[in-house]
Amino acid sequence: MGKCPDCGAWDSLDAERLEPKARVDPRATSMATWDESKEDLAGDAEPARHGARPITEVASAEAMDRPRIATGINELDRVLGGGFVPGSAVLLGGDPGIGKSTLLLQAAGGLARAGTRTLYVSSEESAEQVCMRAARLGVTDAPELYLLSETSLTRITEQAARALSDSPPGRPPVLIIDSVQMVYNAGLDAFPGSLTQLRRCCAELVYFAKASGVTVVLVGHVTKDGQLAGPRLLEHLVDAVLYFEGDRYHAHRVVRAVKNRFGTTLEIGLFEMRDGGLHQATDASGLAVLSGAGEARPGAVVCPVLTGSRCFMVEIQALTATGFLGAAKRKSSGLDANRLAMLIAVLEQHAGHRLADRDIFASSVGGVRVVEPAADLALLLAIAGANLRRALAPGVAVIGEVGLGGEVRPVGQLIARAHEAQRLGFKSLIVPAASAKQGAGLDEPSLSKLKLIPVKSIAMAIEQLG
Ligand code: TYD
Ligand code: MG
């Protein structure tokens, strides 16, 4: 309109765009499907449709003490914080071929054997293909395990409502969708596999979980740069995000939580891929993979690393090579790139190393991501050793945080780390001088077999390179 109908002024009106109305309420489809099957799941499937209530009333409701659903796979349960929380939505991400389907099928088998009705929906494989894998994993004998091969969201929720509605009383069921990327909602214009589809399907499945009390586990593929497809798009929608990591060409696999509304994100689960599926690697020592242990190797340093409640001996490796001034490469795998840059600067500044024209590569062996500053000194000695072609004596492990002034600072839980080093046969431990003082705990008799080498500065530590 050029002229205002009220005051008669010309050209005084601005266009304002209205938010287009959502054509379908995301809750509508999943809730409707659910309401159709009039069964009340496990007696306590009351969706969050209450008004405001005092916290005391909420706390006394039976929803509070719903037990967790353990999968029977301890390494997975630990990462989840004791098992699945009924009615929660969990996302499992990882590279293709890393073992997501294998892990979840094994978990489904464990759940079903323990009497939990579990529906495994494959949107990528036929039910027969899933069954062939199940046979390989030895989980074909569980009558509570249901299989479905389907990509349409409406049919998935409909089938889930049907298959899960008569599940054993008192045992909230579990729905596994492998993978959510292949699921589509026909009510949307967007192509199957597009971000719109992905977001909406995921949101509807999360609503389904909340409304029905069914635990929903979603598998998501990771893109080339390591993000769950659709940059972190789905992570906000779900209650817990687990990543399945590891080198596809090595047997070790690590499950880690990057978000968990019901537990810590510090714990990791360790697995090994074998012929019969994933095996739990309970003895963490297996990880140290002391390739060529017993001989001194420049550029390789072992550090006791803590993740959650466990300590692993992790080997940190570094390599330096001739590069170009101003364009030297710094690459790290399994280590924090910023920490690497900082340690290189400290080495130049406080130990007189000239690294500006050296390419530097650093990695942690065995697939455990090392992020804690307690591994600083080990990484620094690996780089210095690689550069000087000098190595620590065999049987020496290193622990310590490095400060910007080149000083070696104390780290937490030193005693647990020292015990792990001693248990795995390490003879000496390079430790921050401040922690080696009498009364700091490291002088207790149970650690008598471990020789302590206290260091105050990185210069003192570098002297240990033979
Ligand atoms: P898969 O679970 O299909 O990976 P994802 O679902 O993450 O894409 O399989 C991972 C790989 O594990 C596959 O390439 C073959 C291998 N594998 C074994 O080594 N042993 C086994 O028992 C199974 C089932 C798979
Ligand atoms: Mg798969």
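The figures here come from the full heavy-atom set of this structure, side chains too, leaving out hydrogens, waters and symmetry mates. All of these numbers come straight from a predicted model, not from anything done at the bench.
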| Between the side chain of R68 and the main-chain N/O of G81, is any donor-acceptor distance below 3.5 Å? | yes
| request: Looking only at non-hydrogen atoms, find the nearest pair between V346 and G403 and report the distance. | output: CG2-O, 3.9 Å
| Where is the tightest heavy-atom contact between P454 and M460, given as atom of each residue plus distance? | O-CE, 3.9 Å
| query | Would a distance-only check, ignoring hydrogens and angles, find a side-chain to backbone donor-acceptor pair under 3.5 Å from S123 to D178? | reply | yes
| said: Does any part of the side chain of I268, heavy atoms only, come nearer than 4.5 Å to the side chain of F312, both counted from C-beta? | reply: yes
| query | Would you say the side chain of H353 lies within less than 4.5 Å of the side chain of L388, judging by non-hydrogen atoms? | reply | yes
| Would a 4.5 Å heavy-atom cut-off, applied to side chains only, mark P373 and V402 as touching? | no
| Sub-4.5 Å side-chain heavy-atom contact between L76 and Q106 | no
| Gap separating the CD atom of E420 from the CG atom of L429, nearest 0.5 angstrom | 12.0 Å
| request: Taking Q181 for its side chain and S179 for its backbone only, find out whether a donor-acceptor pair lies under 3.5 Å. | output: no
| field | With L340, the side-chain contact (heavy atoms from CB on, under 4.5 Å) member among L335, D376, I383, L380 | value | I383
| message | The test is side-chain contact (heavy atoms from CB on, under 4.5 Å); show your working for V301 and L377 and say whether it passes. | response | CA-CA 9 Å; V301 176; L377 191 58; over 6 Å; no
| said: Using a 3.5 Å distance criterion without hydrogens, assess whether the side chain of R253 forms a donor-acceptor pair with backbone atoms of I98. | reply: yes
| query | NE2 of H221 to NZ of K100: how many Å apart, nearest 0.5 Å? | reply | 5.5 Å
| remark: Closest heavy-atom pair, G220 versus L91, reported as atoms and distance to 0.1 Å, is N-CD1, 4.2 Å
| message | Evaluate L450 against L442 for side-chain contact (heavy atoms from CB on, under 4.5 Å), listing each step before the verdict. | response | CA-CA 9 Å; L450 197 64; L442 280 181; over 6 Å; no
| V216 side chain near V206 side chain, heavy-atom distance below 4.5 Å | no
| query | When you look at C202 and L218, which way does the side-chain contact (heavy atoms from CB on, under 4.5 Å) test go after all the steps? | reply | CA-CA 8 Å; C202 186; L218 306 170; 3.6 Å; yes
| Atom OG of S101 and atom CD of E124: how far apart are they, to the nearest 0.5 Å? | 6.0 Å
| request: Determine, stepwise, if the pair N74 / Q280 fulfils side chain to side chain donor-acceptor pair (under 3.5 Å). | output: CA-CA 8 Å; N74 293 337; Q280 310 187 48; 4.5 Å; no
| request: Assess whether side-chain contact (heavy atoms from CB on, under 4.5 Å) is satisfied between R417 and V431, documenting all intermediate values. | output: CA-CA 11 Å; R417 301 177 200 260; V431 292; over 6 Å; no
| said: So, taking the atom named CZ in F361 and the one named CD in Q317, what distance separates them when rounded to the nearest 0.5 Å? | reply: 13.5 Å
| task | Examine distances only and state if a side-chain atom of Q129 and a backbone atom of S126 form a donor-acceptor pair shorter than 3.5 Å. | result | yes
| field | 4.5 Å side-chain heavy-atom contact, R369 and S364 | value | no
| task | Might you point out which heavy atoms bring S332 and D336 nearest each other, and give the distance in Å? | result | OG-C, 4.3 Å
| field | Electrostatic pair E75:R78 at N-O distance under 4.0 angstrom | value | yes
| remark: Residues A378 and C303: closest non-hydrogen pair is CB-CB, 3.6 Å
| query | Ignoring hydrogens and geometry, is there a side-chain-to-backbone donor-acceptor pair from D359 to K329 under 3.5 Å? | reply | yes
| Does Q413 CD have over 12 foreign heavy atoms under 6.0 Å away? | no
| query | Is there side-chain contact between L119 and V214, with heavy atoms separated by less than 4.5 Å? | reply | no
| Distance from T215 atom OG1 to L175 atom CG, nearest 0.5 Å? | 9.5 Å
| message | For a 4.5 angstrom cut-off between non-hydrogen side-chain atoms, does D239 reach K210? | response | yes
| query | What is the minimum heavy-atom distance between V408 and S457, and which atoms define it? | reply | CG2-C, 3.6 Å
| task | Give a yes or no answer on whether the side chain of E315 reaches the backbone of A300 with a donor-acceptor pair at less than 3.5 Å. | result | no
| field | Main-chain N/O of Y184 paired with Q197 side-chain donor or acceptor, under 3.5 Å | value | no
| said: So for atom CZ, which belongs to R390, do other residues, nucleotides or ligands contribute more than 12 heavy atoms lying within a distance under 6.0 Å? | reply: yes
| task | Return yes if some donor-acceptor pair links the side-chain N/O of E348 with the main-chain N/O of L355 below 3.5 Å, else return no. | result | yes
| message | Donor-acceptor pair, distance only, cut-off 3.5 Å: does the side chain of Q464 make one with the backbone of I430? | response | no
| Once you round to the nearest 0.5 Å, how far does CG of L147 lie from OG1 of T118? | 10.5 Å
